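Model, not experiment: these values are computed from the prediction. Note: hydrogens, waters and symmetry copies are ignored here, and every other heavy atom, side chains too, is used.
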Amino acid sequence: MANVGGKPPKYKSKEEIQEKIEQYFEDCKGEPLCNADGNPMLDKWQNPIMIGQKPPTITGLALALGFASRQALLNYQGKKEFNDTITRAKSRVEEYAESRLFDRDGSNGAQFSLRNNFKGWNIDNEQKLEIELLKLESQVKDSQPEEEAEDNFLDALNGTAAEVWEESEVEEDATEVD
C-alpha cells in the first residue's frame, strides 16, 4: 500500500500500536508506594497505596501513541487495519469513566467525558424532562404516605383532565359560532 504525497503511517501494524496502548494503560496504574524494606505500603483496607496513578483518557491515549491530538487518534481509528485495536482501547477508557459514575468524587468528570467522547451517552431535553419528572414523583412518594400520594396524584391528574376538557369545550363553542 503506497502512501502517495503524505507522511508515512505512524504505525505499520496493529501489533505495534497495541504494544503502545498496553504501555499507556500500565502507566496509568501508577506504582505501589514501598517502605524502607521494599514492601508495598497498605491503606486501611489493606490495598497497596499507589503513586503516580492517572485516569485513562482519550487525549492521554492519543498523546501516548505519539499523536498531536485526540482528533488525530480518531482519524487513525478510521483506518481499517487499526479500527478494532483503537476501538477496544477507547472502550477501556469508556469503561473507566463509566465506573467513576458510581463514586462521588469522579461522577461529574466521568459524565462530561462520556457525553463528549463516546456515542450514546448524551441526554436530550426530552430525556432530561422524563428524569426530572421521575425525581419529582419519587420525592412526592417519599414525603407522603403511599395512599395519600396516590390520592394527590389522582387529584392532579383529574384536575389536568378537567382543564383540558374545558379548553376543548371552549374551542368547540368557538367553532360552532363561526
Enumerate, atom names and distances included, each donor-acceptor pair closer than 3.5 Å involving a side-chain atom of residues 107-114, sequence neighbours excluded.
{"residue": "Ser107", "atom": "OG", "partner": "Gln111", "partner atom": "NE2", "Å": "3.2"}
{"residue": "Ser113", "atom": "OG", "partner": "Asn117", "partner atom": "ND2", "Å": "3.3"}

For the residue pair Tyr96 / Arg100, report whether a side-chain donor-acceptor contact shorter than 3.5 Å exists.
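Yes - a donor-acceptor pair under 3.5 Å links their side chains.
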Indicate whether the side chain of Glu19 and that of Gln23 have a donor and an acceptor atom separated by less than 3.5 Å.
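No.
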Between atom [atom1] of [X] and atom [atom2] of [Y], what is the distance when rounded to the nearest 0.5 Å?
X	Y	atom1	atom2	result
Lys90	Thr57	NZ	OG1	12.5 Å
Met50	Cys28	CE	SG	11.5 Å
Met41	Asn47	CE	CG	14.0 Å
Ile86	Ile17	CD1	CD1	4.0 Å
Lys54	Asp27	NZ	CG	6.0 Å

Assess whether a salt bridge exists between Glu15 and Lys20, defined as any Lys/Arg side-chain N lying under 4.0 Å from an Asp/Glu carboxylate O.
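The answer is no: the pair does not qualify as a salt bridge.
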With a 4.0 Å cut-off on N to O distance, would you call Glu26 and Lys29 a salt bridge?
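The answer is yes: the pair qualifies as a salt bridge.
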Show, in sequence, the C-alpha distance, side-chain angles and deciding distance for Tyr24 and Leu65, and conclude whether the side-chain contact (heavy atoms from CB on, under 4.5 Å) test is met.
CA-CA 8 Å; Tyr24 170 71; Leu65 294 175; 6.0 Å; no
Nearest heavy-atom pair of [X] and [Y]: which atoms, and what distance?
X	Y	answer
Pro9	Lys79	CB-NZ, 4.3 Å
Ser69	Ala62	O-CB, 3.4 Å
Leu61	Ala89	CD2-CB, 3.8 Å
Thr85	Lys14	OG1-CB, 3.5 Å

Just do the side chain to side chain donor-acceptor pair (under 3.5 Å) check on Glu94 and Trp121 with the steps written out, would you?
CA-CA 10 Å; Glu94 181 179 16; Trp121 285 95; 2.7 Å; yes
Tell me every residue that passes ring pair (Phe, Tyr, Trp, His ring centres under 6.0 Å) with Phe67, counting only those two or more places apart in sequence or in another chain.
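So Phe67 forms a ring pair (Phe, Tyr, Trp, His ring centres under 6.0 Å) with Tyr76.
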